[in-house]
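Accompanying notes for the structure given below.
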Amino acid sequence: MTSLCGACASTLLTTTIPHQSSLFSRSKQQPLQRLIRGGAIRANSNLAVSAADDQQLKKGIAEFYDESSGIWENIWGEHMHHGFYDPDAVVQISDHRSAQIRMIDQALAFASVSEEASKKPRSIVDVGCGIGGSARYLSRKYGAECCGITLSPVQAARAQALATAQGLANKVSFQVADALNQPFPDGKFDLVWSMESGEHMPDKLKFVSELARVAAPGATIIIVTWCHRDLSATEISLRPEEKGLLDKICDGFYLPAWCSTADYIKLLESLSLKDIKSADWSDNVAPFWPAVIRSALTWDGLTSLLQSGWKTIRGALVMPLMIEGFQKGVIKFSIITCRKPE
Ligand code: SAH
């Protein structure tokens, strides 16, 4: 494993989220709710929230996933992302795992990632890796080495245990690290993968800059993420009721302010990345949240939820708002891909 990931392996599972005692006291004066709705794109300094606020958010994310990942895995398995479905398909419970795998394959196809021996990815980073479902799948698919990072120590440990159990310990490794300050050298990876982690990033410019930094020349970058709808030419922000809906989701899922797909594209353009493409897959994910809610309302779902803890329960309570957000067109499920120039 040490040959696998350099710095990654030496700190494997040993990095922990520092205890932010000053932040605990700060949080008493400044509710997390306000912190996590702070500005997302720091190119605009008016939107800046302080480094201490970012630490507070990171701590909340880590604790949220530490607490909730086990119950998710028990009910839904190793992939902590939406499935990709044919629009209007009637979906059986058993279809969801294959829909989650399909999401990964659709994203790879959208970005034209080659499966040819000479061109396929050999070194991959999974940024915001959850319990490593994508990392292991990608490693197996391409025979590639893959490093996953997450804020949650519980997730990193579970991801590594699953890799060992699946015979992949010499190919994939996981560690606790911040996507906004990745522990990797410049140009290390030929596929940079972020599946549903971008929505947690309080500084989207720093986020995409780090994705671009660790990408090798010619590497593909894939971001699949929750966005708010693009604004029209005459709008300067979402409507108050739309913001109100997203704020409630932010509180439940530990998200900072949202941005649009168009915002992401502008950021990628500002970094001179090439072949920038995006698509709205909101219709393709529509069956997902109703299915998650149905599974939470089973006996197993309810009992595990009640045993899990307040952060998980609070997350579950905002799940219907995701459906509302998609139905009202405020939330978009976006894929944005690009390539680092050679
Ligand atoms: N991509 C995974 C998990 C998605 S859940 C999957 O598809 O299964 C969101 C993940 O983003 C969690 O693992 C969380 O720890 C991670 N995350 C959120 N903010 C992060 C940050 N700043 N740095 C690293 N990981 C982060």
Side-chain angles (χ1 to χ4, degrees), residues 8 11 15-18 36 40 42 51 53-73 75-84 96-97 99-108 124-139 146-160 162-163 172 174-184 191-211 214 222-226 250 252-256 285 288 292 311-312 315 322 333 335:
C8 163
T11 50
T15 316
T16 52
I17 304 294
I36 62 185
R42 302 298 174 77
D53 296 344
D54 285 358
Q55 288 299 324
Q56 181 76 20
L57 173 61
K58 276 173 29 178
K59 181 173 175 293
I61 293 169
E63 289 172 356
F64 174 64
Y65 285 107
D66 278 355
E67 190 186 288
S68 61
S69 294
I71 163 173
W72 181 272
E73 186 187 353
I75 297 176
W76 273 75
E78 62 184 341
H79 296 283
M80 304 180 74
H81 60 251
H82 285 71
F84 187 101
H96 295 301
R97 194 190 135 78
Q100 288 175 312
I101 300 286
R102 185 174 170 198
M103 172 63 74
I104 299 176
D105 285 331
Q106 290 283 148
L108 296 168
I124 303 172
V125 63
D126 183 355
V127 178
C129 63
I131 55 170
S134 293
R136 288 183 300 274
Y137 182 77
L138 294 170
S139 172
C146 186
C147 298
I149 57 172
T150 168
L151 290 179
S152 154
V154 169
Q155 285 189 330
R158 182 64 186 148
Q160 197 65 49
L162 287 168
V172 298
F174 300 93
Q175 67 177 308
V176 174
D178 186 359
L180 304 186
N181 186 18
Q182 295 184 31
F184 306 119
L191 176 60
V192 176
W193 176 264
S194 166
M195 173 61 71
E196 297 193 40
S197 64
E199 53 270 25
H200 283 295
M201 306 300 165
D203 183 338
K204 305 297 190 219
L205 175 58
K206 185 81 171 89
F207 172 51
V208 295
S209 302
E210 275 295 88
L211 299 183
V214 299
I222 299 180
I223 303 166
V224 179
T225 190
W226 310 358
C250 289
F253 288 153
Y254 293 86
L255 306 177
V285 300
F288 181 75
V292 175
K311 286 188 167 65
T312 312
M322 289 298 293
F333 191 90
I335 176 163

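What you see is a predicted model; the values in this text were computed from it and never measured. Counting starts at 1 for both ligands and their atoms, in listed order.
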Which part of [X] is near ligand 1, with near meaning a heavy atom under 4.0 Å away: side chain, backbone, both or neither?
X      : answer
Lys58  : neither
Cys129 : backbone
His200 : side chain
Ile61  : side chain

Q) Taking the non-hydrogen atoms of Leu180, is any one of them nearer than 4.0 angstrom to ligand 1? A)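 No, Leu180 has no heavy atoms under 4.0 Å from ligand 1.
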Q.
Using heavy atoms and a 4.0 Å limit, tell me yes or no: is Ala62 in contact with ligand 1?
A.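 No heavy atom of Ala62 comes that close to ligand 1.
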Compute the shortest N/O to N/O distance between [X] and ligand 1 and return yes if it is under 3.5 Å, no if not.
X      : value
Gly130 : yes
Ser197 : no
Ala179 : yes

Q: Kindly identify the option in Val154, Thr150, Val176 whose heavy atom sits closest to atom 15 (O) of ligand 1.
A: Thr150
Q | Minimum-distance protein heavy atom relative to atom 8 (O) of ligand 1 | A |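 Protein heavy atom at minimum distance: Met80 N, 2.8 Å.
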Q.
Considering non-hydrogen atoms of the protein only, which is the closest contact for atom 13 (O) of ligand 1, and what is the distance?
A.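 Here the closest protein heavy atom is Gln155 OE1, 2.6 Å.
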(Q) Regarding Glu78 and Arg158, does a basic nitrogen lie under 4.0 Å from an acidic carboxylate oxygen? (A) no
Q. Looking at Asp126, Val125, Leu108, which one forms a side-chain contact (heavy atoms from CB on, under 4.5 Å) with Leu191?
A.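 Going through Asp126, Val125, Leu108 one by one, the side-chain contact (heavy atoms from CB on, under 4.5 Å) with Leu191 is satisfied by Leu108 alone.
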Side chain of [X], backbone of [Y]: donor and acceptor closer than 3.5 Å?
X      : Y      : answer
Thr225 : Glu199 : yes
Lys204 : Gly198 : yes
Gln100 : His79  : yes

Q. At a 4.0 Å threshold, what atoms of ligand 1 neighbour a non-hydrogen atom of His81?
A. 6 (C), 7 (O), 8 (O)
Q.
Determine whether the aromatic ring centres of residues Trp226 and Phe253 are separated by less than 6.0 angstrom.
A.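 For Phe253 and Trp226, the ring centres are under 6.0 Å apart.
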(Q) So, using ring-ring contact (aromatic ring centres under 6.0 Å, His included) as the criterion, who are the partners of Phe333 when residues are at least two apart? (A) His82
Q | For Phe64, ring-ring contact (aromatic ring centres under 6.0 Å, His included) partners two or more places apart | A |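 Phe64 satisfies ring-ring contact (aromatic ring centres under 6.0 Å, His included) with Tyr254 only.
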